[in-house]
Amino acid sequence: MTSFSRIILRTAAVLCLLPVGLTGCKANGNESPGAASQPPLLNTVASATPQSADDAPPPEKTGGFDGKLAFAHVVKQISFGPRPSGSQALMHLQYYLQSELKSYGCNVETDSFGADTPVGRLPMKNFLVKIPGEKPGVILLGTHYDTLLKDNFVGADDGGSSTAVMLESARLLCPQHGNYAVWIAFFDGEEAIKQWSDTDSRYGSRQMAARLSASGDIKKIRAFLLADLVGSRNAHFMRESTSTPALTELVWSTAAKLGYSGIFLNDVTSVEDDHDSFLKRNVPSVDVIDLDREHDVPYWHTPQDTVDKISAKSLAIVGHVFLESVKQLQTK
Ligand SMILES: [Zn+2]
């Protein structure tokens, strides 16, 4: 499975992940420019929350994580249109991320960099929320927030869902202080610009891992928990085989304790994603991603990756598992 997935990933196409057959993606560059800088969130919540938000469990059942708020973050991201790296729409999302994070009291560092891609140098931005802790050591959470460069692709699940989960997690975590620092990374440029390869993909996470290496901070990271494609109405997550086994076990056993063993399955799969950039630098890392293209994410990397595919309940369950996993890691 592993090598098969990788071969397909390397040869077949663009994109972030998924082991099974991929589509290519062509450059376009005529993404629609969404609205200019947006006010913090939830004027959209009450009004624009479609049916799919109705399945959100109450926050007190998911460790405070509000699935409806997370769902509204997906709606908001889509409102900017397709959001490939270097696009104006992505700039609008960057303003939104910064303004939301600031409104939660988060300390956010921005790294603006130029990435050499097959279509030339593109401006990219990583954001890193830093929540201090008492002891040395960092627990890192992460997501990519760019979307695949493809006509009419708005990435409700691929890009949108995990970014929403990290925003809602930041709202809850930024006011807290634990044993260890918690950092939350928002990566630009996860998607390939032309065709997925080691040099055309994961631009943002490679940049952040390199910078943290240069500063020596990477040694402080005790665990990296990555989310990607976590919002499907029919979400299931398999253990990702290149991830650090002990960390996978921690997340999956946490999910089981919370009653989610029907969603966090014990089957094994393999995928290339932003966790690779940290695994390569010996950071224990785990990727939580829905790769079941047949049943769960048939819309993967197609224009059908739209908001109607997203469930507030799935977002809330993943948020709950991430928050509880952070709690577990804080005791170690
Ligand atoms: Zn993707």
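Any value given below was found using the heavy atoms of this structure, including those in side chains, with hydrogens, waters and symmetry copies removed. When a ligand or atom number is given, it counts from 1 through the structure's own listing order. Source: prediction; values computed, not measured.
Of the possible polar contacts, one joining the Asp305 side chain to the Asp157 backbone as a donor-acceptor pair under 3.5 Å is found.
Taking the side-chain contact (heavy atoms from CB on, under 4.5 Å) definition, one finds that Ser162 meets it with Thr143, Ala227, Asp228, Val230, sequence neighbours left out.
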For residues 182-189, which side-chain donor-acceptor pairs fall under 3.5 Å, sequence neighbours excluded?
from   : atom 1 : to     : atom 2 : distance (Å)
Asp188 : OD1    : Ser85  : OG     : 2.7
Asp188 : OD2    : Lys125 : N      : 2.9

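The distance from the Zn ion (ligand 1) to the nearest N/O/S atom of Asp158 is under 2.8 Å. Backbone or side-chain N, O or S atoms of Glu190 do not reach the Zn ion (ligand 1) at under 2.8 Å.
Closest to the Zn ion (ligand 1) among the N, O or S atoms of Glu191 is OE2.
Here Asp146 does not pair with Arg83 in a salt bridge; the nearest charged N to carboxylate O distance is not below 4.0 Å.
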